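Written out below as structure tokens is the structure these notes cover.
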Amino acid sequence: MKRARLNLTLLAAALGLGVAVYFAQQAEPAGPPLTAYKPDAVTRIVLEHPGAPPIRLEKQGSHWQLAAPIVAEADPFEVNALVGLADRETQLRLEGATLKDLDLDPPQFTLTLNDAAIGFGSNEPIEYRRYVKTADGAFLIEDPPGAALDKDYADLVAKDLFPAGAEIERIELPQLTLAKGADGKWSVTPADPNAGADSMQKLADGWKGARSMWNEMAPDPKVGAKAGGDKVKVTLKGGVAREFVVVAREPQLKLRRADLGVNLVMSRALADELLKLPAPALEKPKP
């Protein structure tokens with residue numbers, strides 16, 4: 001009797017497996033990629049939303065740069081989300097569909113990779129896949145995640161405060177100025193009892209490695225230069241200077257790049273690490 005039950009159980013499992021395999025085989029076959037390009041062949045990107053200025057990015061060597069409506073280093077993670085659409089597989093060709101009903105005539109927004117335009121429509125209501133349109137027709141694709149496709153450029157701006165490899169030579173904070181001498185050593189004005197070599201280096205290293213968690217558009221970029229708050233100026237080797245405005249310390253530290261109209265949103269803990277010298281470490285008592 002037990003053997004009979006076991007045989008029935010195994011038969012049911014085999015049938016279940018067979019059904020699963022059958023339906024897997026009935027899944028929609030992968031369609032053609034959205035464009036003829038591989039991601040590493042994309043060197044130009046244009047993102048266009050109605051009523052907003054086009055966002056243009058250009059690849060310069062191995063790095064991406066925002067070229068319009070502002071000029072700034074681009075965030076590689078967010079750019080990868082865009083170029084990754086170049087060879088995204090389509091899932092279903094929409095034959096005979098009324099493009100206007102899918103918000104594809106006109107599209108909600110358009111992404112152009114090199115010279116290949118992809119129009120984005122609404123989401124289908126069952127699996128929330130995205131309707132898209134290319135020169136080859138209308139398709140469904142998995143809805144791309146991330147903020148890179150937003151109509152504002154804030155998250156496309158690099159999260160690192162400074163380019164890779166940049167060397168800081170001067171940091172002007174509200175209460176003190178840190179400067180690197182020709183000998184590579186830091187000095188501080190006015191004199192500060194916490195200004196040991198280690199504490200000054202720690203402050204400089206904090207600025208060099210600082211990056212935002214996310215970016216946001218300033219409430220009104222046109223008045224960004226007049227934003228209230230403490231001012232910080234960091235000068236890099238070669239004389240290039242970047243200015244920041246401390247527009248908030250709670251619940252996160254926010255540094256505004258007034259020249260870009262963007263707030264860099266950072267951890268609250270960085271307010272103490274970036275805006276003042278750390279207290280000197282206590283010396284261990286001698287045995």
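These numbers come from the heavy atoms of this one structure, side chains and all, not from hydrogens, waters or symmetry mates. Every value quoted in this text rests on a predicted model; they were computed, and no experiment measured them.
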ask   = Taking atom CG of L99 and atom CG of L94, what is their separation to the nearest 0.5 Å?
value = 8.5 Å
key: Spacing of OG1 belonging to T90 relative to CG belonging to L92, to within rounding of 0.5 Å   = 8.5 Å
remark   = Heavy-atom nearest pair, E78 first then D155, reads CG-O, 3.1 Å
key: D75 and L156: CA distance, side-chain angles, deciding distance, side-chain contact (heavy atoms from CB on, under 4.5 Å) verdict   = CA-CA 5 Å; D75 185 88; L156 287 167; 5.9 Å; no
ask   = Looking at P174 and D230, what are the two nearest heavy atoms and their distance?
value = CG-CB, 3.4 Å
inquiry  = For the backbone of E127 and the side chain of E124, can you confirm whether one donor and one acceptor N or O come within less than 3.5 Å of each other?
reply    = yes
key: Criterion side-chain contact (heavy atoms from CB on, under 4.5 Å) on E73 and F162, from CA distance to verdict   = CA-CA 9 Å; E73 295 93 13; F162 307 103; over 6 Å; no
request  = Please confirm whether the backbone N or O of A116 pairs with a side-chain atom of N114, one donor and one acceptor, at under 3.5 Å?
outcome  = no
task = Look at the side chain of Y153 and the backbone N and O of M217, then say whether any donor-acceptor pair between them is shorter than 3.5 Å.
result = no
remark   = dist S212:OG -> L253:CG (nearest 0.5 Å) comes out at 10.5 Å
key: Contacts of A248 that satisfy side-chain contact (heavy atoms from CB on, under 4.5 Å) - sequence neighbours left out   = K254
ask   = When rounded to the nearest 0.5 angstrom, what distance separates CG in L113 from OG1 in T134?
value = 11.5 Å
message = If we ignore hydrogens and angles and just use 3.5 Å, is the side chain of D105 paired with the main-chain N or O of K100 as donor and acceptor?
response = no
remark   = With sequence neighbours left out, the residues meeting side chain to side chain donor-acceptor pair (under 3.5 Å) with R211 are D160
Solution key, residues 200-209 side-chain donor-acceptor pairs under 3.5 Å, sequence neighbours excluded:
| from | atom 1 | to | atom 2 | distance (Å) |
| --- | --- | --- | --- | --- |
| Q201 | OE1 | W186 | NE1 | 3.2 |
| Q201 | NE2 | D205 | OD1 | 2.9 |
| W207 | NE1 | L274 | O | 2.7 |

request  = Using a 4.5 Å cut-off on heavy atoms from C-beta on, say whether the side chain of L176 contacts that of L277.
outcome  = yes
request  = Kindly give the heavy-atom pair with the smallest separation between A117 and T110, and that separation in Å.
outcome  = CB-CG2, 4.2 Å
Could you pull out every donor-acceptor pair under 3.5 Å between side chains of residues 34-42 and any protein atom, sequence neighbours left out?
| from | atom 1 | to | atom 2 | distance (Å) |
| --- | --- | --- | --- | --- |
| T35 | OG1 | Y37 | N | 3.0 |
| T35 | OG1 | A86 | O | 2.8 |
| Y37 | OH | D115 | OD1 | 2.4 |

Under 3.5 Å, sequence neighbours excluded: what are the donor-acceptor pairs made by side chains of residues 45-60?
| from | atom 1 | to | atom 2 | distance (Å) |
| --- | --- | --- | --- | --- |
| H49 | NE2 | L149 | O | 2.7 |
| R56 | NH1 | E58 | OE2 | 2.5 |

key: Approximate separation, where rounding is to 0.5 Å, of K231 NZ and L173 CG   = 13.5 Å
task = Return the set of residues passing side-chain contact (heavy atoms from CB on, under 4.5 Å) with Q252 (not counting sequence neighbours), or none when no residue passes.
result = M213, W214, V265
task = Taking all non-hydrogen atoms of both residues into account, name the closest pair between G119 and L104 and its distance.
result = O-CD2, 3.6 Å
request  = Compare all side-chain heavy atoms of L270 with those of L275 and state whether any distance is below 4.5 angstrom.
outcome  = no
ask   = Sequence neighbours excluded, which residues qualify as side-chain contact (heavy atoms from CB on, under 4.5 Å) partners of Q108?
value = D103, S122, R130
message = Under a 3.5 Å distance rule, please check whether N215 uses its side chain to pair with a backbone N or O of V262 as donor and acceptor.
response = no
task = Kindly determine whether L255 and V247 satisfy side-chain contact (heavy atoms from CB on, under 4.5 Å), including the steps that lead there.
result = CA-CA 6 Å; L255 300 181; V247 294; over 6 Å; no
query = For E142, which residues count as a side-chain contact (heavy atoms from CB on, under 4.5 Å) partner, sequence neighbours excluded?
reply = R88, Q91, R129
note = Apart from I126 itself, its cluster of hydrophobic side chains linked below 4.5 Å comprises none
task = Determine which pairs satisfy side-chain hydrogen bond (donor to acceptor under 3.5 Å, both in side chains) with at least one residue from residues 165-176, sequence neighbours left out, and list them in order.
result = R170-E172
Selection residues 110-147 - residue pairs positive for ring pair (Phe, Tyr, Trp, His ring centres under 6.0 Å), sequence neighbours left out = F109-F120
ask   = So, do V71 and Q65 sit near enough that their side-chain heavy atoms are less than 4.5 Å apart?
value = yes
ask   = Taking all non-hydrogen atoms of both residues, which atom of R257 and which atom of F244 are closest, and how far apart?
value = CD-CE2, 3.5 Å
inquiry  = Under the rule for salt bridge (Lys or Arg N to Asp or Glu O under 4.0 Å), what residues qualify as partners of D272, not counting sequence neighbours?
reply    = K276
Side-chain heavy-atom pair V188, T177 within 4.5 angstrom cut-off = no
remark   = Rounded to the nearest 0.5 angstrom, the CG-CD1 distance for L161 and I168 is 8.5 Å
